[in-house]
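The sequence lines fix the lettering, A, B, ..., with proteins before strands; numbering per chain opens at 1.
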Protein chains: 2
Amino acid sequence: MLNIDPLANNSLFRGLNENDHNELSRISVSQEYSRGQTIFLEGQDGAGFYLVTSGLVKIYKLSLDGKEQILHILGPGEPFAEVALFAGSTYPANAMAIEKSSVVFFPRKAFSDLISKRPSLALNMLATLSLRLRQFANMVEALSLKEVPGRLAAYILLENEERGKNGDIKLPIAKSQLASLLGTIPETLSRILAKMTKQGIVTATGSSISILDMEKLQELADGETRLS
Amino acid sequence: MLNIDPLANNSLFRGLNENDHNELSRISVSQEYSRGQTIFLEGQDGAGFYLVTSGLVKIYKLSLDGKEQILHILGPGEPFAEVALFAGSTYPANAMAIEKSSVVFFPRKAFSDLISKRPSLALNMLATLSLRLRQFANMVEALSLKEVPGRLAAYILLENEERGKNGDIKLPIAKSQLASLLGTIPETLSRILAKMTKQGIVTATGSSISILDMEKLQELADGETRLS
DNA sequence: CGCTGCGTTGAGCTTCTTCAACGATCGTGG
DNA sequence: CCACGATCGTTGAAGAAGCTCAACGCAGCG
């Protein structure tokens with residue numbers, strides 16, 4: 001096969017047999033979204049959950065006056081909107097494709113039936129939700145206990161561990177989106193990045209960031225230091 | 001029996017049979033904590049999870065300079081630290097008894113074995129975690145998109161729905177703790193409550209709050225209005 | 001080539017925190 | 001039962017962090 005099955009290699013479905021995978025393929029529906037297209041809105045009836053197969057999807061909340069807070073950014077292999085399956089029936093936030101994306105949709109009922117019969121599927125799902133709870137706890141901590149420089153530093157370090165190798169990072173999202181993810185606005189992010197650059201902590205050109213002073217970045221992320 | 005079994009009536013264990021309940025009783029351990037006593041600390045090995053049977057427990061994060069952000073307040077019947085079971089092995093935050101409390105502790109291994117054999121237990125746990133994810137999403141939204149008056153208004157309204165009847169609320173926690181839960185400090189909370197009182201939205205005496213203008217409170221919580 | 005979205009920079013302002021002092025409340029031991 | 005201390009809550013004044021508004025440069029794309 002030229003196209004690898006997006007379902008087969010996902011950790012969410014680890015431990016399932018061939019039949020289960022066929023069943024999953026049978027009940028799921030592939031969908032395409034173009035950049036900026038809404039996948040669902042907060043409050044809508046949660047008809048099922050999704051898995052990203054390509055592209056990038058953001059989960060976000062909006063205030064009345066239009067300010068956005070991104071809760072998650074999801075890439076290939078990552079599920080979203082699982083919450084709607086198990087508690088309440090509506091989506092708790094909005095979902096939009098940041099870039100051209102493909103997702104697989106799993107209708108609620110069919111998936112519920114399968115999960116009731118497959119303990120390993122339920123356990124995998126528990127692991128997924130638990131990981132997300134951990135991320136949320138860190139996000140609340142960041143928003144409440146850290147200032148924007150600290151949040152940005154933590155983000156850069158995290159990104160460096162996950163994608164960067166030698167301290168060179170390519171931002172996967174636009175800076176305005178990063179601002180929204182960090183709980184601030186583009187202007188503030190821009191100013192702080194400029195300040196970090198001026199102090200020799202990083203260099204930033206376009207969507208590339210290079211870490212110059214890893215130690216200082218770590219201190220900022222931990223809240224040991226101010227940017228002054 | 002004089003003492004009702006705290007395990008039998010919990011929604012987490014709904015759908016389990018008599019044997020399972022006996023098994024749960026067998027593997028669990030009762031613990032007592034006095035006011036202010038630490039139950040576990042962030043980063044410690046997560047040896048299991050807990051269920052509050054009486055009293056009040058807070059889950060919280062601390063910054064280096066000692067500021068506290070409360071993530072949850074848990075009362076009788078509510079479980080906590082389930083996350084440590086399914087993702088990572090360490091506790092993601094600190095837990096402390098706010099008042100004299102009794103909890104039941106379920107050691108990791110024994111509970112994992114049971115959950116693997118009882119699909120309904122896994123599903124109940126999924127429902128619990130999903131609900132918590134929803135709460136976290138709302139908390140992030142509040143911290144990032146609402147100002148303190150809005151957060152306080154939302155808290156009062158929520159508390160009124162859950163415990164209050166006719167708009168009279170008895171705060172279950174100290175105001176300093178409420179400030180920490182709302183992501184602010186006691187001084188700010190005090191000032192805003194005073195302002196709300198001055199504007200005839202609520203009256204506050206000690207730990208009692210009475211709602212005078214429900215509509216205005218709702219507008220504040222939704223972000224439609226400022227306190228001016 | 002022009003338009004539109006993104007990013008940057010500046011000035012002023014709002015919200016919230018910090019620091020400090022004081023008052024109230026509650027539990028406890030004398 | 002009262003007195004005391006500790007914790008909690010309130011209020012004021014000053015400062016800091018981040019937001020708003022506005023203008024402008026730049027790049028990408030049709």
Side-chain angles (χ1 to χ4, degrees), chain A residues 34-36 63-70 96 98-100 142-153 171-198 202-209 220 223 225-228, chain B residues 34-36 58 63-70 96 98-100 142-153 170-198 202-209 220 223 225-228:
Chain A
S34 52
R35 171 189 153 92
S63 71
L64 275 191
D65 54 335
K67 200 191 166 191
E68 172 192 273
Q69 171 68 43
I70 296 181
M96 179 185 284
I98 290 185
E99 52 187 55
K100 190 170 185 308
L143 286 172
S144 173
L145 302 178
K146 292 179 187 170
E147 301 175 344
V148 181
R151 291 178 229 159
L152 175 58
L171 292 180
I173 53 178
K175 283 183 183 158
S176 61
Q177 297 292 286
L178 176 56
S180 170
L181 181 64
L182 297 180
T184 186
I185 57 175
E187 291 95 320
T188 301
L189 177 62
S190 179
R191 279 184 248 269
I192 287 170
L193 203 47
K195 203 178 270 185
M196 282 186 176
T197 302
K198 201 163 293 176
V202 299
T203 50
T205 19
S207 64
S208 294
I209 296 182
L220 276 172
T225 314
R226 296 270 167 122
L227 210 38
S228 77
Chain B
S34 53
R35 170 191 155 92
K58 71 175 170 186
S63 71
L64 275 191
D65 54 335
K67 200 190 166 191
E68 171 193 273
Q69 171 67 44
I70 296 181
M96 180 185 282
I98 289 185
E99 52 188 53
K100 190 171 184 308
L143 286 172
S144 172
L145 302 178
K146 293 178 186 171
E147 301 175 344
V148 180
R151 290 178 228 160
L152 175 58
K170 183 85 177 170
L171 292 180
I173 53 177
K175 283 181 183 159
S176 60
Q177 297 291 285
L178 176 56
S180 170
L181 182 64
L182 297 180
T184 186
I185 56 176
E187 290 96 319
T188 301
L189 177 63
S190 180
R191 279 183 247 270
I192 287 171
L193 203 48
K195 204 177 269 186
M196 282 186 176
T197 302
K198 202 163 291 176
V202 298
T203 51
T205 21
S207 64
S208 295
I209 296 181
L220 276 172
T225 314
R226 298 269 167 124
L227 250 190
S228 77

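Going from atom CD of B:Glu147 over to atom P of C:dC13 covers 18 Å, rounded to whole Å. Taking atom CG of residue A:Leu227 and atom C1' of nucleotide D:dA16, one finds them 14 Å apart after rounding to whole Å. When the P atom of D:dT7 is taken as reference, atom CD1 of B:Ile98 falls 17 Å away, rounded to whole Å. For A:Leu178 and C:dG7, the CG to P distance is 10 Å, given to the nearest whole Å. Distance, B:Glu187 CD to D:dG9 C1': 9 Å, rounded to whole Å. Taking atom CE on A:Met196 and atom C1' on C:dT8, their separation rounds to 17 Å, with Å as the unit. Rounded to whole angstrom, the span from the NZ atom of A:Lys195 across to the P atom of D:dA17 amounts to 7 Å. Per the geometry, NZ belonging to B:Lys198 stands 13 Å off P belonging to D:dT10, to the nearest Å.
The nearest heavy atom of DNA chain D to A:Arg226 and to B:Gln177 marks one nucleotide each, and the one closer to the 5' end goes with B:Gln177. If B:Thr184 and A:Leu189 are placed on DNA chain C by their nearest nucleotide, the residue sitting closer to the 5' end is A:Leu189.
Counting only distance, with no hydrogens or angles, the side chain of A:Ser176 and the backbone of A:Pro186 share no donor-acceptor pair below 3.5 Å. Without hydrogens or angle criteria, B:Ser207 side chain to B:Leu171 main chain gives no donor-acceptor distance under 3.5 Å. For A:Ser180 (side chain) and A:Glu68 (main-chain N/O), a donor-acceptor pair under 3.5 Å exists by modelled atom type.
Contacts of A:Gly183 with the nucleic acid, taken as non-hydrogen atoms under 4.0 Å apart, involve only primed sugar atoms and P, OP1 or OP2. Using a 4.0 Å heavy-atom cutoff across all strands shown, A:Arg35 reaches sugar-phosphate atoms only and no base atom.
Atom OG1 of B:Thr188 sits about 12.0 Å away from atom CD of B:Glu147, to the nearest 0.5 Å. Here CD1 of A:Ile98 is found 5.5 Å from CD1 of A:Ile70. Values are rounded to the nearest 0.5 Å.
For C:dG7, the OP1/OP2 oxygens have a side-chain nitrogen or oxygen of A:Ser176 closer than 4.0 Å. Not one side-chain nitrogen or oxygen of B:Thr188 sits closer than 4.0 Å to the OP1 or OP2 atom of C:dT15. Between A:Lys175 and C:dT8, a side-chain N or O to OP1/OP2 separation shorter than 4.0 Å is present.
No hydrogens or angles were tested; on distance alone, nothing pairs the side chain of A:Arg191 with the base of C:dG7 as donor and acceptor under 3.5 Å.
The side chain of A:Pro186 has C:dT8 as its nearest neighbour among D:dA17, D:dG9, C:dT8.
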